Trainee: 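Please see the structure below; I have some questions.
Along the sequence shown, residues carry numbers from 1. Because the structure is a prediction, the values reported are computed rather than measured.
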Amino acid sequence: MKPVVLVTRKLPDAVEDRLRRDYQPRLNPDDRLYASDELVARAAGADAIVPCHTERLSAEVIARLPDSIRIIANFSVGFDHVDLAAAKARGIVVTNTPEVLSDATAELTILLMLGAARRASEGERLVRTRQWRDWSPSFMVGIQVTGKRLGIVGLGRVGRVTARRARGFDMEIHYHDLQRLPPEQEAGAIFHPTPEDLLPHCDFLAFHCVATPQTRKMLNAERIALLPDGAIVVNASRGTVIDDAALIAALKSGKVAAAGLDVYNNEPDIHPEYRELPNTFLMPHIGSATQETRDAMGFRALDNLDAFFTGRAPGDRVA
Ligand code: DGY
């Protein structure tokens with residue numbers, strides 16, 4: 001008997017084809033967002049769940065999952081939506097999809113930097129609403145990216161690709177991580193042992209760290225004060241790393257010149273003031289949203305399922 005797999009969201013066609021070939025999938029062709037009760041009900045009799053970060057598998061939800069569930073194979077690199085301790089306590093294996101998102105997410109980070117620095121939202125709005133009148137030397141003047149200092153919080157896989165792409169703009173790379181990386185991974189990036197050490201060196205600040213209780217509201221008012229005046233903040237990791245009220249106050253005062261955001265607290269009901277500010281460049285959590293990457297994420301999740309159900313260790317086990 002092929003294992004029964006509850007798939008919570010619509011996945012790429014090629015991934016669903018492989019699921020149909022190798023498993024008995026319960027698919028979601030309408031891509032509806034299942035509330036917890038519905039998710040638990042749909043999991044009845046299933047052997048595995050393939051969720052996305054849109055499903056919150058809290059301790060309470062995990063406690064209500066049927067005993068038949070043996071593995072949660074996430075279609076995501078982030079796993080902050082899953083209570084790992086609760087899964088572990090129930091003997092449920094949890095996996096993620098690392099590596100395959102790095103290029104797409106780094107591309108999006110560069111887009112956020114450019115979009116925020118060159119006032120892309122404002123410019124696009126002017127053209128679309130026919131408010132663009134003429135050209136002048138003082139019109140829509142932004143901030144140049146080339147040659148500036150980029151500070152990266154979290155020089156993991158995504159952070160390192162972002163650093164590589166940013167070097168194409170002659171940027172000087174600084175970073176903070178829990179520990180200093182070996183020279184071949186640093187590739188010349190300058191290590192700072194604390195966020196406080198890093199921040200004064202950031203003309204641009206990008207977050208690529210994991211969402212944990214330790215990184216929650218990492219960018220708060222005290223730390224923003226350490227940035228150079230007119231710095232630009234971009235975030236393609238998780239919204240929780242930013243204290244929204246503090247960043248919004250800094251965007252209003254000009255302490256932070258602009259922000260490029262792809263992830264937010266409480267998505268999609270983001271802090272409403274982000275929408276009102278002229279100096280924000282806002283994307284709807286699309287860091288990994290390329291055809292190539294979404295296929296690769298799905299295949300990676302299925303590789304983990306295949307390993308588990310053939311008695312091998314899944315490569316991307318996080319619990
Ligand atoms: C991830 O994989 O964590 C992305 O944020 C999309 O879920």
Trainee: Any non-hydrogen side-chain atom of L277 less than 4.5 Å from a side-chain atom of I248?
Mentor: yes

Trainee: What residue among T97, N96, N74, D316 forms side chain to side chain donor-acceptor pair (under 3.5 Å) with R300?
Mentor: D316

Trainee: Taking the side chain as C-beta and beyond, is there a heavy-atom pair between E267 and R238 under 4.5 Å?
Mentor: no

Trainee: Tell me whether R118 at atom CZ has more than 12 heavy atoms from other residues, nucleotides or ligands lying less than 6.0 Å away.
Mentor: no

Trainee: More than 12 non-hydrogen atoms from neighbouring residues, nucleotides or ligands closer than 6.0 Å to CZ on R56, yes or no?
Mentor: no

Trainee: Can you tell whether the side chains of E172 and R167 come within less than 4.0 Å, N to carboxylate O?
Mentor: no

Trainee: Hey, does L101 have a side-chain heavy atom less than 4.5 Å from the side chain of M297?
Mentor: yes

Trainee: Report yes if the side chains of V153 and V241 come closer than 4.5 Å at any heavy-atom pair, otherwise no.
Mentor: no

Trainee: So do the side chains of L11 and L27 get within less than 4.5 Å of each other, counting heavy atoms only?
Mentor: no

Trainee: Taking the side chain as C-beta and beyond, is there a heavy-atom pair between H192 and L199 under 4.5 Å?
Mentor: no

Trainee: Is any side-chain heavy atom of K2 less than 4.5 Å from a side-chain heavy atom of D22?
Mentor: no

Trainee: Within the structure provided, determine whether D244 and E273 are in side-chain contact (heavy-atom separation under 4.5 Å).
Mentor: no

Trainee: Pick out which of E186, H208, H201, R180 makes a side chain to side chain donor-acceptor pair (under 3.5 Å) with Y175.
Mentor: E186

